[in-house]
There are 2 protein chains.
Amino acid sequence: MPTVTGHPERHAPTLEAVAEAAGVSRATVSRVVNGSPSVRGAVVEAVQKAIADLGYVPNRAARSLASSRTHSIALLVPEDVSRFFGDPYFASFTGGLDRRLADTEYVLNLVVARDDPGRKAVRYVRGGNVDGAIVVSHHRGHDFLRQLEGSVPIVYGGRPDVALSAEPVFVDVDNEAGGHLATRHLIESGRTRIATIAGPEDMPAALDRLAGFRRALREAGLPDDAVVHANFTASGGAEAMRTLLSRHSDLDAVFSASDLMASGALTALASRGVDVPGDVAIVGYDDSPAATWGEIGLTTVRQPSELMGATAVDVLLRLLAGDADVPHENIVQTELVIRDSA
Amino acid sequence: MPTVTGHPERHAPTLEAVAEAAGVSRATVSRVVNGSPSVRGAVVEAVQKAIADLGYVPNRAARSLASSRTHSIALLVPEDVSRFFGDPYFASFTGGLDRRLADTEYVLNLVVARDDPGRKAVRYVRGGNVDGAIVVSHHRGHDFLRQLEGSVPIVYGGRPDVALSAEPVFVDVDNEAGGHLATRHLIESGRTRIATIAGPEDMPAALDRLAGFRRALREAGLPDDAVVHANFTASGGAEAMRTLLSRHSDLDAVFSASDLMASGALTALASRGVDVPGDVAIVGYDDSPAATWGEIGLTTVRQPSELMGATAVDVLLRLLAGDADVPHENIVQTELVIRDSA
DNA sequence: ACCGTGGGAGAGAGCGCTCTCAGGAGGCTC
DNA sequence: GAGCCTCCTGAGAGCGCTCTCTCCCACGGT
């Protein structure tokens, strides 16, 4: 069997080499590489030609050692990776994040803080290994996040429900409004006994959607007591649906706080022979791929999750650039996508 | 609004500082940090105490500049991020990968090569920014992967179907055996008109499963012509199922090359009033969460995707350590998980 | 007593870049 | 035409670590 040891680029050209080829000094090449405006056009061209000829690629390590900027940002996931990425919302958030980052020279480091309660991840972030961090899928009680404060700029995906000493910067969707929007739609289509499959009780986003649900019902003078919590999975949604059916035989509509749970609920309803939307109308949340999996298109609240990812990056880049007046709250709005289920 | 500029750790302690505190030289501290055996026990302890007292964390950039090892490895995804992570198989693969990596000092860089045909990603990997790479979700025709050869050690998740000049190292599941296993199960339970919802025609894994399917049918003397390709999504599966139903009214079993597609197929069958497994039996592939979403538990072929991720890391670490006899083919076996659908 | 021998520690030269500072060449002003 | 700017460019000192080379010292053999 042949040996398979790989070797890094042999003798990758350095700044020095480019400088020599272009007949200028190292400093000038550095200026060109970093887009300094104070280099004569002719020189810029000469340097760029040399760079192209030699196939020069800046050495990240050297650069970051000299500048104490790493040009990498952490995607901090305080959760099991497979669960995180298995959620279409986060998958799409990460997609937006990556796409926005692709134009920059920043690189994404996946930092997972699942079983150690943040120690390793915190040390990594605080250890100056990244310029900034985007924290997603944080739950209430993730207090280790406090240890990140004051180290590097941090942007949260979703408002953090952790006692932080400074006002956190976050991007979030207006979950309360989203829950209200969905529920309002059910009310307006004449439903009167409306239940909800809410998300986990330790997640602010879930609670906000629930609050919106309740507000809409209160405003309409309808009862808001049919609530079951589930864990944002399809099987959880199916089970919650069964619970709701057994508890409230009169229910005619359900607002599910995620499409995945709604798809589970649809399955549960189908197997009970309940017609959707005839007997029971259902509105989901996310506009994820799950919304169109079934035969019945799911009416749902679209969260611009990709946009959120991109926004998180934008905000972080502004912080990194030293922009002083970056808004702390970056709220994106939801919209209703009407399909068949309600 | 307060200014939110973050600052990296002020005056993080350096090797120098630790050396001074411990009363030894920089070199000795370096030895201790890197676990060199040639330092006296007493000295090791003194240094470790100093490290703990000062809260010293090695500077990655400096270390990698000096050693030309970056201690980071790339997770190269030549695909849209959201699609990639939306697939439970990959989500779980990444989970295994991360979990295995957590014990090491390596860090994962997410490198996506979606729209640019590999240029930026290739330059990143070749540019000496990572010590090695794990390439996943590659399709046939991703020839830019050839440009990675000879740069750093690479491990593929799934056998690459690209003309490489050297024998690639990969971990893979025995897809042919998996397809055979599933189909065999259907045959043994007395089904005679068995169709398959196959995966994309440009993915080796999908083709191997199809080959296993065909072999099982051939061995049993049954027809193997009921084949529809779909794209590994639930909606694709639903559509494929409808196509199959219209083409082969006599079919009594389906092997779906992924659970996600199978769940779509189940939905399609349910809406047509076809009883599962009474009228049509169905076997999925992956044993992903999707297998237990519905009311009907999906009989499926379990791929140890997490194990595969972990194995990919193991193999890569061995390559990085210069291990000469690393096997090129690392095949893990599938097993049948029997639930309700077949 | 002499010379090896070898383990353990220090010295010091980089790794490839950034960034401050200094200085040269022109172009202005009066 | 002297003096002063302004605009560009070069020189050179690090950034924090690794790693080779050298040195020191204790020990053993003869």
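Just so it is clear: chains get the letters A, B, ... in the order the sequence lines come, proteins before strands, and each one is counted from 1. Since we're looking at a predicted model, the values are computed, not measured.
- Note that the CZ atom of B:R126 and the CD atom of B:E149 stand 9.5 Å from one another [nearest 0.5 Å].
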Let me see the working for A:D131 and A:T70 under side-chain hydrogen bond (donor to acceptor under 3.5 Å, both in side chains), right down to the final yes or no. CA-CA 6 Å; A:D131 293 344; A:T70 64; 2.9 Å; yes
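- For the residue pair A:N109 and A:Y124, a side-chain donor N or O sits within less than 3.5 Å of a side-chain acceptor on the partner.
- One finds the CG atom of B:L148 at 13.5 Å from the CZ atom of B:R123 (value rounded to the nearest 0.5 Å).
- The line from OG of A:S64 to CZ of A:R69 is 10.0 Å long, rounded to the nearest 0.5 Å.
- Counting non-hydrogen atoms under 4.0 angstrom, B:R69 reaches the backbone sugars and phosphates but no base.
- Within a heavy-atom distance below 4.0 Å of DNA chain C, the residues of residues 38-49 of chain B found are B:S38, B:V39, B:R40, B:V43.
- A heavy-atom distance below 4.5 Å is not found between the side chains of A:F84 and A:D80.
- Between A:S30 and C:dC17 there is no side-chain N or O to OP1 or OP2 distance below 4.0 Å.
- Using a 4.0 Å cut-off between charged nitrogen and carboxylate oxygen, B:R63 and B:E105 count as a salt-bridge pair.
- Listed pair B:T28 / C:dG10 meets the phosphate criterion, a side-chain N or O lying under 4.0 Å from OP1 or OP2.
- Here the closest heavy-atom approach between residue B:P13 and residue B:L54 is recorded as CG-O, 3.4 Å.
- The terminal axes of the helix from C:dA1-D:dT30 to C:dC30-D:dG1, fitted over 5 pairs per end, subtend an angle of 40° to the nearest 10°.
- Qualifying salt bridge (charged side-chain N to carboxylate O under 4.0 Å, His left out) partners for A:R60, counting only residues two or more places apart in sequence or in other chains: none.
- Here B:S305 contributes atom OG and B:F93 contributes atom CZ; the two are 9.0 Å apart, rounded to the nearest 0.5 Å.
- Note: B:L316 CG to B:D323 CG = 12.0 Å, rounded to the nearest 0.5 Å.
- Contact between the side-chain N/O atoms of B:S25 and the OP1/OP2 oxygens of C:dA9 is not found at any separation under 4.0 Å.
- What you find for A:A113 and A:A121 is that their closest heavy atoms are CB-CB, 3.7 Å.
- Every side chain to side chain donor-acceptor pair (under 3.5 Å) that B:D98 has, sequence neighbours left out, goes to A:R114.
- Looking at heavy-atom distances under 4.0 Å, B:V24 makes contact with sugar-phosphate atoms alone, never a base.
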In B/S/- notation, 5' to 3', how is nucleotides 21-27 of chain D contacted by protein heavy atoms closer than 4.0 Å? -------
Report each atom pair, protein N/O against N/O of nucleotides 12-16 of chain C, whose distance is under 3.5 angstrom.
from, atom 1, to, atom 2, distance (Å)
C:dA13, N6, B:R26, NH2, 3.0
C:dC15, O2, B:A66, N, 3.4
C:dG16, N2, A:A62, O, 3.3

